[in-house]
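So you know, we letter chains A, B, ... as the sequences are listed, proteins then strands, and number each from 1.
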Amino acid sequence: MTLRLTNTLSRAKELFTPLIDRRVSIYCCGVTVYDLCHLGHARSYIVWDVLRRYLSWPGQIGGAYAVTFVQNFTDIDDKILNRAAEQGLAMEEVSERNIDAYFQDMDALNIQRADSMPRATACLDSIRALIAELEHKGAAYSADGDVYFSVMKQAGYGKLSGRDLSEQQEGASGRTSGAEDARKHHPFDFALWKGAKLGEPSFPSPWGPGRPGWHIECSAMVRQELGDTIDIHLGGADLIFPHHENEIAQSEAASGKPLARYWLHNGMVNVGGEKMSKSLGNFTTIRALLGSGVSPMTLRLFVLQAHYRKPLDFTLEGLEAAASGWKGLAGALDVGRKHQELLGWRSSPPDPASPPSEALRPLRDRFRDAMDDDLNTAVALGELFELARPLRALANRLRIGELPSEADRALESRWQLLVQLAGVLGLEPDRQQGGSGQESGGGGELPALVEGTSRAAAPAGLGDAAIEALVEQRKAAKAARDFASADRLRDQLKDQGIELVDKPGGVTVWLRG
RNA sequence: GGCGGCAUGGCCAAGUGGUAAGGCAGAGGAUUGCAAAUCCUUUACCCCCAGUUCGAAUCUGGGUGCCGCCUCCA
């Protein structure tokens, strides 16, 4: 069995075969940079990051794919203009700030940067050329400085979203504008070029000064960066209609070829059963969450425990569960590096393309089968927990000063496989140190989570000698059966972030939080 | 009104015909002066009704509830 993906075009799982053997071209719809990213964006880019990592994984049946991943920034749009006006900034300043913030947030989440990240304002030549071509072919018409795409001229319009235009309730979302409607031949026609209103930033064009419509930039960028037909097109489920439908219409009207062979869409992040979105105001920004002490890997785990196509309800309880789960996984992932010398394990990871040992192969295969089945990360994670169990136990024993046995040393290849497979999901313990969020960036108020145990544990705290002394005092108290004093000393140390572990034989070890 | 999706243990979540992964929480046990930490063990007839089948959480029909989209959206 090899990779199968649910294609929105067919609404079925299809065997994935790229256009060119072992190469995959991917376009992912990026963000409109008028504000900070929230957890909905985080989910989307986490799951697509996993898709990309999985395709690039040499342990893949048939070997790694060479992936080309393109993602855009929409840096011209009404919302950016509005934001700029509110804040007294130039449009470019608003988008520049938010692009910086985007990279900070996504880097913190260990999301690999795309190979190419075109901005709409830097692709105007391609955009204008595409519009001109559509107009020339009769698929578009201009009206008062605007240019519209004529949906009725495009056979198959609606094929992605499964819509029959005659049965749609026009304006059902309550967001249509009267002035624009008057210029359109058909209510579902959409703007390729919008003539500039007075005082707005604009770019020259054969139709007068203005700016591109939202959908056209993606069509132009795909063509410019990847060609007429790509393998995979990604985006949130909320983009299926109209955005992706319109992309298809534009691109296919121009080229006469299919725009993308596989269309993948991720489910929404919900809050209390409702979609998290800017307009509803129920969003939490990524940096607000990371700033509250949630580790990036906890968020990753939280997202990947659900299937990417299903809605995911964001709750504090769910996040706490993910934090506990991550603690265990992280312990297992760290063990080889933290105790490398003690265990006598190699530092360099084995070649991921080489097959694991007989004993580990079933685990690797189940992981791969799960991922092949439309990226079933929930099951894949289950396998990771399975792999991690004895390593976690080992980590805990080493943590309290026990020495490894021969059987423990033999876990090396298991550890290496775990590190490798966790890496396919982008789960890396050394990335867990906080996010980028120092600025108080928007979003809802979050109660501090229980998680951040390792938060700046009093650098000027107790020295080793002082701790030893207190531990000795407690030992004496215990010997005198003065348990009240012993417990007080233990609590006192705990307040300083020092954990005491009593082992059999009256030995007490202490650990800094 | 149209299109699409979802409903599994206390919470989250896999599983699309053969008798319920995993995580979190809980319980019991080991250990402990007691804890903590850790280790071991353990907890479900799958929204309702009818049907197909030797057999259904899984298929069909009906019902109920919830969600997304119908030109701002990841």
Side-chain angles (χ1 to χ4, degrees), chain A residues 8 11 28-32 34 37-48 77-79 151 158 161-177 180-181 184 187-191 213-215 234-243 245-246 265-270 273-280 301-302 305-307 309-313 315 317-326 328-329 366 370 373 376-386 392-393 395-397 399-400 402 478 481-483 486-487 490-491 494 499-504 511:
Chain A
T8 306
R11 301 188 183 280
C28 178
C29 276
V31 287
T32 300
Y34 73 103
C37 289
H38 58 65
L39 300 179
H41 302 104
R43 179 190 197 185
S44 187
Y45 299 123
I46 285 171
V47 300
W48 303 138
D77 167 272
D78 283 340
K79 287 195 196 151
V151 292
S161 55
R163 267 155 230 265
D164 180 346
L165 287 188
S166 61
E167 281 169 12
Q168 294 303 298
Q169 227 175 62
E170 152 195 350
S173 65
R175 263 182 253 113
T176 42
S177 113
E180 199 179 59
D181 281 353
K184 292 180 181 178
F188 287 93
D189 288 354
F190 54 91
W214 175 37
H215 316 295
L234 306 172
D238 51 356
L239 299 184
I240 295 172
F241 189 91
H243 184 54
E245 197 70 71
N246 290 351
H265 292 97
N266 66 276
M268 300 293 101
V269 171
N270 289 170
E274 261 189 335
K275 179 181 162 184
M276 176 180 285
S277 73
K278 287 287 168 69
S279 43
L280 288 171
L301 189 65
F302 174 71
Q305 273 186 309
H307 187 87
R309 294 178 45 246
K310 287 198 176 176
L312 172 61
D313 216 46
T315 62
E317 294 73 21
L319 215 55
E320 276 166 1
S324 301
W326 171 244
L329 262 187
R366 286 201 297 270
D373 184 14
N376 194 335
T377 51
V379 169
L381 273 169
E383 297 305 326
L384 250 51
F385 279 105
E386 196 73 37
R392 186 169 53 177
N396 286 323
R397 275 183 276 117
R399 197 173 73 98
I400 58 170
E402 290 186 24
K478 276 173 69 176
R481 303 197 67 77
D482 178 7
F483 297 123
D487 290 351
R490 182 170 61 197
D491 291 343
K494 192 178 180 184
E499 182 190 356
L500 295 189
V501 180
D502 290 337
K503 297 203 296 180
L511 304 155

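- When heavy atoms are screened at a 4.0 angstrom cut-off, A:Asn266 is found touching base atoms of the nucleic acid.
- The distance from atom CZ of A:Phe385 to atom C1' of B:A13 is 12 Å, rounded to the nearest whole Å.
- The phosphate of B:U32 has neither OP1 nor OP2 within less than 4.0 Å of any side-chain N or O from A:Lys478.
- Residue A:Asn270 places none of its side-chain N or O atoms closer than 4.0 Å to OP1 or OP2 of B:G68.
- No engagement by A:Arg397 is indicated, since no non-hydrogen atom pair under 4.0 Å with the nucleic acid exists.
- Spacing between B:G5 and B:G18 at atom C1', rounded to whole Å, works out to 28 Å.
- Applying the 3.5 Å distance criterion, the base of B:C34 shares no donor-acceptor pair with the side chain of A:Arg481.
- Taking the P atoms as reference points, B:A14 lies 32 Å from B:U53, given to the whole Å.
- Applying the side chain to side chain donor-acceptor pair (under 3.5 Å) rule to A:His38 yields no partners; only residues at least two apart in sequence or on another chain are considered.
- Residues forming a salt bridge (charged side-chain N to carboxylate O under 4.0 Å, His left out) with A:Glu245 (at least two apart in sequence, or on another chain): none.
- Nucleotides B:A20 and B:C47 have their P atoms positioned 16 Å apart, rounded to a whole Å.
- A:Gly30 comes within 4.0 angstrom of the backbone, heavy atoms only, and of no base.
- Remark: A:Lys310 is not in phosphate contact with B:C67, judged by side-chain N or O atoms under 4.0 Å from OP1 or OP2.
- The base of B:C69 sits within donor-acceptor range of the side chain of A:Arg163, with an N or O pair under 3.5 Å.
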